[in-house]
> 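Can you read through this structure? Questions will come right after.
Each chain gets a letter, A, B and so on, in the order the sequences are listed, and its residues count up from 1. Please read all numbers here as calculations on a predicted model, not as lab measurements.
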Protein chains: 2
Amino acid sequence: MKLSSKFVPIILLIAVSNSYAGSKTVAPSHGINYPIGWQNWSTIAVSHRTDNNTSRVILGNNIAVEAARSGKTNPWPNGSILGKVVWKDTELKDWKAATVPDEFVHAEFMFKNSDKYKESYGWGWARWVGLEQKPFEKGMQVCISCHTPVENMDWVYTHSAKFPE
Amino acid sequence: MKLSSKFVPIILLIAVSNSYAGSKTVAPSHGINYPIGWQNWSTIAVSHRTDNNTSRVILGNNIAVEAARSGKTNPWPNGSILGKVVWKDTELKDWKAATVPDEFVHAEFMFKNSDKYKESYGWGWARWVGLEQKPFEKGMQVCISCHTPVENMDWVYTHSAKFPE
């Protein structure tokens, strides 16, 4: 098939925007496949926990980000994937009052599918640990227990940060 | 022109992934055009400032994120755009030890072009304030003064957060 030159830039753009995406093979966590490319997802919120000295960014796939930006998150739509990326804290050398990421701890995810994950409150719960992304396999109940205080927020702690339209 | 069905999903994907991108017209700041779509850029780092009680995410365009993930940021490559998105802090209701975004403050950007912005240390400095994204017009020197302590880091405070490959 011959393409008109009009379409070439679009195809090249896709290649460029994924050139830094994760490419290695990572084993499933709790039977859930690794969400390839999450490193490039858009931001839903950030958080800083002073109880365990960690900095976090909460990312989402397209369905989740669109829901977050339009405030339609209780419940989150099926197909949403939320990712929480966690780093140990450190003080920024050149601005002492700023706390910033140091060592990478883990990335943990919630996969919304109200049918498939009916037994775990509509979500698949998974985590990959360390820069080597070792699958967490201690069971979804570990995740669910901690999220029980927010069961009336569709089990999600994160409030979507406000962004200009 | 007739397209084979192979290309239809690719074109649709582009439409979906930009459907929550900023679309309104925003005036330039310091003569620099508004970087349309920054709300969907990927993450470079986060920070929490305890001196002015703000939470931040540092985002980048494709060139900047690729440089950040591969550690080639001193100097940052021409074409890099760094965005710092700032919110006032609040305590997460359901997890008191977590500090999270409240009111949106502003989004500020550094545009790298060592020729075009030779007079301002290789960067164009811009800021848009509030959810209405009102251009900041008090001069680049306001931005530069604050960044002088990191002139040997190509004028950038942010250390790129570690991400799994």
> Against chain A, label Ile58(B) side chain, backbone, both or neither, depending on which of its atoms sit under 4.5 Å from a heavy atom there.
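For Ile58(B), neither part sits under 4.5 Å from chain A.
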> Identify which of Asp94(A), Thr158(A), Val100(A) forms the greatest number of heavy-atom pairs closer than 4.5 Å to chain B.
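Heavy-atom pairs under 4.5 Å are most numerous for Asp94(A).
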> Is the number of heavy atoms from other residues, nucleotides or ligands under 6.0 Å of Glu103(B) CD greater than 12?
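No, CD of Glu103(B) has 12 or fewer neighbouring heavy atoms, counting only those of other groups under 6.0 Å.
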> Given that the side chain runs from C-beta out, which part of Trp128(A) has a heavy atom under 4.5 Å from chain B: side chain, backbone, both or neither?
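Neither part.
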> Could you tell me which portion of Asp102(B) (side chain, backbone, both or neither) has an atom closer than 4.5 angstrom to a non-hydrogen atom of chain A?
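Interface part for Asp102(B): both.
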> With a 4.5 angstrom heavy-atom cut-off, is it the side chain or the backbone of Trp87(A) that approaches chain B, or both, or neither?
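Only the side chain of Trp87(A) comes within 4.5 Å of chain B.
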> Can Asp51(A) and Lys96(B) be counted as an ion pair, charged N to O under 4.0 angstrom?
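Result for this pair is no, no salt bridge flagged.
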> Only one of Ile144(A), Val156(A), Asn113(A) clears side chain to side chain contact (heavy atoms under 4.5 Å, CB included) with Trp123(A); which?
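The single option meeting the side chain to side chain contact (heavy atoms under 4.5 Å, CB included) with Trp123(A) is Val156(A).
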> Is the OH atom of Tyr117(A) crowded by more than 12 outside heavy atoms at less than 6.0 Å?
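Enclosed.
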> Is it the side chain or the backbone of Val46(A) that comes within 4.5 Å of chain B heavy atoms, both, or neither?
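Contact with chain B involves both backbone and side-chain atoms of Val46(A).
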> Above 12 or not: heavy atoms from other molecules or residues under 6.0 Å from CZ of Phe136(A)?
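More than 12 heavy atoms, drawn from other residues, nucleotides or ligands, come within 6.0 Å of this atom.
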